[in-house]
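Report on the following structure.
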Amino acid sequence: MPTASDTPDSRSHFIRNIIEADLADGTHETVVTRFPPEPNGFLHIGHAKSICLNFGMARDYDGRCHLRFDDTNPTTEDERYVASIQEDVRWLGFDWGDHLYHASDYFEQLYAYAEHLITQGDAYVDSQDGEAIRDNRGTVTEPGTPSPYRDRSPEANLRLFREMRTGAHADGAHVLRAKIDMASPHMIMRDPILYRIRHANHYRTGDDWCIYPMYDFAHCLSDAIEDITHSLCTLEFENNRRLYDWILERCLPEEQQATRPHQYEFARLNMDYTVMSKRKLLRLVEEGLVNGWDDPRLPTLAGLRRRGVPPSAIRTFCERIGVAKANSRVDIALFEHVLRDDLNYRSPRIMGVLDPLKVTITNYPEGETEHIEAPHWPRDIDKEAHRAVPFGRELYIERDDFRMDPPDGFYRLAPGREVRLRHAYFLRCDEVVQDADGRVTELRCTYDPETKGQAKASDGRRPKGIIHWVSAAHAVPAEVRMVDRLFSVPDPEAHEDDFTAFLNPQSMPVADALLEPAVRGFSGEQRLQFERQGYFWRDTDATDDTLIFNQIIPLRDSWSTDDDPEDAATGPTKEEIEAANPQIHADPAESFTEAQHARLEHFTEALGIARDDAVQLIDTPPLADYLEAALDGHHEAQAVTNWILNELMGLVPPADLPDLPFTPEQFGVLVRQVATDEITGRVGKDVLTAMLEDGVDPQEYIAAEGLRNISDEDALREIIDGQLAAYPGKVEAYRNGKEGLLGFFMGQVMRETGGQADPKTAQKLLREALTTDTSPAAQ
RNA sequence: UGCCCCGUAGCUUAACCGGCAGAGCGCCUGUCUCUGGAACAGGAGGUUGGAGGUUCGAGUCCUCCCGGGGCAGCCA
C-alpha cells in the first residue's frame, strides 16, 4: 500500500505549530490523532481534508492516527457505511494499523464516567419531557430556567440512572444532564444532555443498551481513553470545546490532566461548483439527480475514485489548500491544477476523436494502410514507449478542429488551409461536403507524402496547427462520459432558490468517440491522455465489448473563443463603504452612576489621565481599582494606565487581577522603571512576563539580571557596526532606498542586546551609520 | 440581541518574542515545442476590513466600529 509520504509539500499551519510547541515543551512526547467519522454516510473530499490532516500530522511527527467510528446513535448508523469508510480511507493511502476503534466499544467505560459525575454532584437525571427541556433552555439572549429535578440527591440520581440502563423507563422519560449553569451565556453549558434513553438495536452492540451517550459526552472521553493528544475537528464544534474541557476536567484524575487531549478546530473544506454537506449529497442521490453515491460528478471519494481521480492528487490537493480557521471556499481551479499535474506524469498519450468528422484523403491510394510509429510520451517526460498507429485514406478528425469561417487566431483546419496530422503528414482541406441543412459531413483533402515525420516541408512550409485523428478503418468506438461541474454556479448554496435549481444540465454529456486501436492494449486501471483533449479512464460500466470512458479532467486550454463576459461586478466604492460604516463611538460614560462620574473626574482632573482611557478603566471596575492600588503616590498615572490597558489586558482577564502573583504596587514600580528610562519598554514587558510566571519582584529581578537600559553610545555603535558588517547586502539595499530595512536592523540590535538598547539612541545611531558609510567593510 | 470564532492580492494562505508583507493557484507577456498540453523566464495585482491608541517600530498588543460564520437536537 502506498503511504502518503509522496506528498512532500508540508506547509506551516496553526495546528502544526501547536503540535511542535507541545512536543518542544514536553507537554506530549508523541502525537496521537484520530479520524472519527459517524457511520451514517459516505465520505467526500471534505473528509479527505480531515483524513489527510489527522493521518498527516501523525506521519510527520512519527505518532499514530486512529480510525474511530463515532457510533453513539443507533437510529442513524449502519454497518454498510463502516465498510465503505474503511475502503475510502485505505484508498486514499492511509493505514490505521491496529488502531481501529468504535465509540460503542467504550459504552461500559462511558457509563462508569457518568456514574462518577453523578456521584460528584456534576450530573443529574432530568425527568422533564423534551418540550419542557427545550422551553426551559432559554434563548441566546434570555437565560434558561432550572429543571425542577435539578436538585435531586446523588443517590436518587444514581438509582434513576441505573433504572434507565436496565430498561425500566420508556424513551424520553428521563435524560442524564450535566449540572452546569442554566443561565450561562454559552448555550452549550446550560445543563447539556449526556445520555438519552433509546430502545433501539445498535448495529454493533445489539440490544445490550437502551441508553446511549450524546456526542459531547462520548467524544472527549473516547479521546481520553485512546490517549489522543490533539483532537482535530471542524469549526462548528468551537462552542463545544468548552464542554469538552469541562467533562474531562471532572472525569479524569488529576495526574492525567496535564497530558489530556485538547480539541482544536479548523475550517471545513468548501469548493466551487459542488456541495459538500451530507444532507445535500444524500438528496442528490435519493432524488435520482445523480446515479448513486459513486456518480463521477460527485465530490464523494467513491465518485472521485470512479471518475479516475488518483488518490495522490487528492492528498496533494489537501496539502495545498492549507489549514486555517477562516471559512473559505477553494477555487476549483486549484483542484484541477493539482489533478492535471498528477495525471500528466502517469498517463500515456493516445489519440481519440470525441466528435468525429470524416476526412477523405483524395491523393492517398485506396485500400492501403500504413503504420506510423508514435511515442506514448512527450519529449519532456522521461518515459519510453511506442505504438503503431494505422493510417489510411479515410480518417476522422475532431469536428471542432475545422471551421468554415475561422476566427482570428484560429490556426487549425479551414477551407484551403493546411495543418499537420499529429505524428503523420501535412493535410490540406480542398473541399467541404455539406448536407441539405448546411452541416459539414465530410472534408476532402490532400496530404503531402513528403512530410511524414518532418519538422517542415522541403519548401519551408510549417503549419502551426496540429490536429489529432484516427483511421476510419481501424477506429475503436467508445462511449465517453464528459464529466463536468455538477453545478453551473460557484456557490449553489448561497442563493434563495433550492440548490438543485443550479444543477448544470450539461454536467455529463456522452460522446460517441472513436479511439485508436492501441487503447485496447491498456488495462482498465490505466489513466490515459487523449491528446489535445484531456485525461480519461475506463468506467466500471464498461464491458469487454463496449468501451466506456470517463473524462477525468480536460487539458488546460489557453485558446478560448468563449470569452465569458463575467463583468467584474463592481463592488461598493470606498465612499459607499465609509458612509455605510459610521464610526459610532458609544460613550459608556453616559450610563455611569454618580459615583463613577466622580471617579472619572478624579482620574482626568487630579491624575491627568486621558478621558477615553479613564472611561475604559472605570467601565471595568477591577481595572480602576488596580490603577489606584498601583499608583501609590507616584506621578505617572497615564503611564500606569497605558500599561494596564495595553499590556496587562493582553495577558490576563480583568477578573484575575486580584489573584496575580505580584502586588499592584510592584506593578507600579515596574512602570516607573520604564517611565524613568531605567529599563526599556521592551525589557519591561519581559519583566512583566517573569513577574506573572514566577512572581519575581521587579526591582530585584532587574538588578539581578542586569537589565538596565544601554544608552552608552560607544557600546551601541559597536553593536550596530557589527550588524551592518553582518548584512552588507541589506545595507546596500537600504542605501538604494529600501528604508523599511531600518526596522530590520533595529530588530537585530534589539535582539543582540536582549532588548536593552535604548531605542531612541539606537535608532539615531543606526540611521547615522546607515547613511554615512562607516561600516568596517568600507574602510 | 448574549456568547464564541474569523477578516492579509481575484482565490487559498505564510510571517519565530512586535522588526524586510512572502508563496501557490488564477490572470497577462515572452521563450520553447509535431499536444493551443507540459516546461521555462518575466509581469501586473496589497492602505493586512476600518478608525483610534500603545511603541523607536504594529498584519501581530489594547479599545471601538464594520463584515462573515457558529451556538437555543434527547444529531454528530
Side-chain angles (χ1 to χ4, degrees), chain A residues 9 11-13 36 38 40 70 72-73 75-76 130 133-134 137-144 171-172 175 184-188 190 193 195-198 212 214-216 219 235-242 265 267 272 320-322 324-331 333-334 337-338 340 344 349 378-381 411-412 420 422-423 453 455 464-466 468 529 531-533 555-559 568 577-578 580-586 610 612-613 616 642-643 645-647 649-650 681-682 685-686 730 733 738 740-748 750-751 755 758-760 762-763:
Chain A
D9 185 354
R11 45 190 296 176
S12 164
H13 53 69
E38 183 189 13
N40 71 344
D70 216 345
T72 57
N73 185 354
T75 57
T76 58
I133 288 177
R134 190 168 358 102
R137 189 149 26 221
T139 69
V140 290
T141 51
E142 304 158 273
D171 286 8
V175 289
S184 172
H186 312 285
M187 295 300 293
I188 190 81
R190 317 249 259 231
I193 292 169
Y195 265 90
R196 75 286 214 187
I197 300 172
R198 274 251 211 293
Y212 292 92
M214 300 287 290
Y215 165 84
D216 286 301
H219 200 89
L235 251 28
E236 69 268 26
F237 292 98
E238 269 171 338
N239 294 308
N240 300 57
R241 186 176 65 234
R242 203 171 285 273
E265 312 87 18
D272 285 346
R320 296 279 294 272
I321 55 178
K325 298 191 73 152
N327 294 308
S328 60
R329 165 171 300 275
V330 174
D331 190 340
L334 177 58
H337 166 81
V338 168
R340 291 188 182 106
N344 181 30
R349 275 59 169 175
R379 226 174 30 269
D380 52 332
I381 291 180
Y411 48 78
R412 280 113 78 180
R420 178 196 297 281
R422 175 79 168 148
H423 302 304
K464 193 163 165 59
I466 300 161
H468 58 275
Q529 184 192 102
E531 290 206 56
R532 307 208 307 125
Q533 301 284 357
L555 249 33
R556 210 169 82 98
D557 185 8
S558 56
W559 160 261
I577 293 171
E578 266 166 25
N581 297 348
Q583 301 282 324
I584 310 161
H585 207 94
D612 283 356
D613 291 340
Q616 196 191 332
N642 287 343
W643 273 74
L645 258 24
N646 296 316
E647 306 304 333
M649 289 285 281
R682 165 72 173 276
K685 288 173 204 175
D686 292 346
K730 294 195 190 284
K738 192 161 182 182
L741 285 168
L742 185 69
F744 167 76
F745 281 111
M746 271 300 281
Q748 290 301 310
M750 282 306 192
R751 186 161 309 169
D758 179 70
K760 290 191 189 87
Q763 192 164 47

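Chain letters run A, B, ... following the sequence lines, proteins first, then strands; residues in each count from 1. What you see is a predicted model; the values in this text were computed from it and never measured.
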Contact nearer the 5' end of RNA chain B, comparing A:Ile188 with A:Arg532: A:Arg532
Would you mind telling me which of B:rG26, B:rC56, B:rU1 lies closest to the side-chain atoms of A:Pro759? B:rC56
Taking the same atom, P, in B:rC28 and in B:rU1, what whole-Å distance lies between them? 47 Å
Applying a 4.0 Å non-hydrogen cut-off, can you work out what A:Asp70 is touching in the nucleic acid: base, sugar-phosphate, or nothing? sugar-phosphate
P-based separation of B:rU60 from B:rG7 [nearest Å]: 12 Å
Across all chains, not counting sequence neighbours, the salt bridge (Lys or Arg N to Asp or Glu O under 4.0 Å) partners of A:Arg420 are none
Using a 4.0 Å heavy-atom cut-off, does A:His423 contact any base of the nucleic acid, only the sugar-phosphate backbone, or nothing at all? base
Could you tell me if the side chain of A:Ile193 sits less than 4.5 Å from the side chain of A:Asp216, heavy atoms only? no
For A:His219, enumerate each residue passing the ring-ring contact (aromatic ring centres under 6.0 Å, His included) test, keeping only those at least two apart in sequence or located in another chain. A:Tyr215
Looking for any heavy atom pair under 4.0 Å, which part of the strands does A:Leu645 touch: base, sugar-phosphate only, or nothing? sugar-phosphate
Applying salt bridge (Lys or Arg N to Asp or Glu O under 4.0 Å) to A:Glu38 and not counting sequence neighbours gives none
Hey, does A:Gln616 reach any base, or is it just sugar-phosphate, or nothing, if we go heavy atoms under 4.0 Å? sugar-phosphate
I'd like a table of atom pairs between the protein and nucleotides 43-46 of chain B - only N or O on both sides, under 3.5 Å - with the distance next to each one.
none

Check salt bridge (Lys or Arg N to Asp or Glu O under 4.0 Å) between A:Arg241 and all other residues, then give those that pass, not counting sequence neighbours. A:Glu265
Using atom types as modelled and distance alone, determine if a side-chain donor or acceptor of A:Arg198 lies under 3.5 Å from a backbone N or O of A:Asp171. no
So, the side chain of A:Arg532 versus the backbone of A:Ile466: is there a donor-acceptor pair under 3.5 Å, distance only? yes
Please identify which of these residues, A:Arg349, A:His423, A:Gln533, meets the side-chain hydrogen bond (donor to acceptor under 3.5 Å, both in side chains) condition with A:His468. A:Gln533
Just checking A:Tyr195: base, sugar-phosphate only, or nothing, at a heavy-atom cut-off of under 4.0 Å? nothing
Atom pair CZ (A:Phe744) and NZ (A:Lys738), whose distance is rounded to the nearest 0.5 Å: 10.5 Å
With heavy atoms under 4.0 Å as the rule, sort A:Asp272 into base, sugar-phosphate or nothing. nothing
Check whether A:Arg196 reaches the backbone of A:Gly172 with its side chain - one donor and one acceptor, N or O, closer than 3.5 Å. no
Identify whether any heavy atom of A:Thr72 sits under 4.0 Å from a base atom; if not, whether one sits that close to sugar-phosphate; answer base, sugar-phosphate or nothing. sugar-phosphate
What residues, two or more places apart in sequence or in another chain, satisfy side chain to side chain donor-acceptor pair (under 3.5 Å) together with A:His337? none
Determine if the base of B:rG45 is syn or anti; take syn to mean the glycosidic torsion is within 90° of 0. anti
Can you give me the closest heavy-atom contact between A:Ile188 and A:Arg242, atom names plus distance? CG2-CB, 4.5 Å
Checking all strands, does A:Phe237 fall into the base, sugar-phosphate, or nothing category for heavy-atom contacts under 4.0 angstrom? base
Could you tell me whether A:Arg190 contacts a base, only the sugar-phosphate backbone, or nothing, with contacts defined as non-hydrogen atoms closer than 4.0 Å? nothing
A correct 5'-to-3' footprint of nucleotides 8-21 of chain B, with B, S and - meaning base, sugar-phosphate only and no protein heavy atom under 4.0 Å, is ---SSSSS--BBB-
Out of B:rC56, B:rC75, B:rG69, which has the shortest distance to the side chain of A:Lys760? B:rC56
Given B:rG2, B:rA76, B:rC74, the nucleotide with the shortest approach to the side chain of A:Arg198: B:rC74
Just to be sure I understand the rule, does A:Gly453 reach a base, reach only the sugar-phosphate, or reach nothing, if contact means heavy atoms closer than 4.0 Å? base
Using Watson-Crick and G-U wobble pairs whose two distances are both under 3.5 Å, how do you write the pairing of RNA chain B as dot-bracket, with | for links to another strand? .((((((..((((.....[..)))).(((((.......))))).....(((((..]....))))))))))).....
Please classify B:rC17 as syn or anti, treating any glycosidic angle within 90° of 0 as syn. syn
Under 3.5 Å between N/O atoms: give me all the protein pairs with nucleotides 37-39 of chain B, atom names plus distance.
from: B:rG37; atom 1: OP1; to: A:Ser558; atom 2: OG; distance (Å): 2.7
from: B:rA38; atom 1: OP1; to: A:Arg556; atom 2: NE; distance (Å): 3.1
from: B:rA38; atom 1: O2'; to: A:Asn344; atom 2: ND2; distance (Å): 3.2
from: B:rA38; atom 1: O2'; to: A:Asp380; atom 2: OD2; distance (Å): 3.4
from: B:rA38; atom 1: N3; to: A:Asp380; atom 2: OD2; distance (Å): 2.8

Taken in chain and number order and not counting sequence neighbours, the residues that satisfy side-chain contact (heavy atoms from CB on, under 4.5 Å) with A:Lys685 are A:Trp643, A:Glu647
Please enumerate all residues that pass salt bridge (Lys or Arg N to Asp or Glu O under 4.0 Å) together with A:Glu236, with sequence neighbours excluded. A:Arg268
Counting side-chain heavy atoms from C-beta on, which of B:rG26, B:rA76, B:rG70 comes nearest to A:Ala333? B:rG26
With sequence neighbours excluded, tell me which residues meet side-chain contact (heavy atoms from CB on, under 4.5 Å) with A:Arg329. A:Asn270, A:Asp272, A:Asp491, A:Glu493
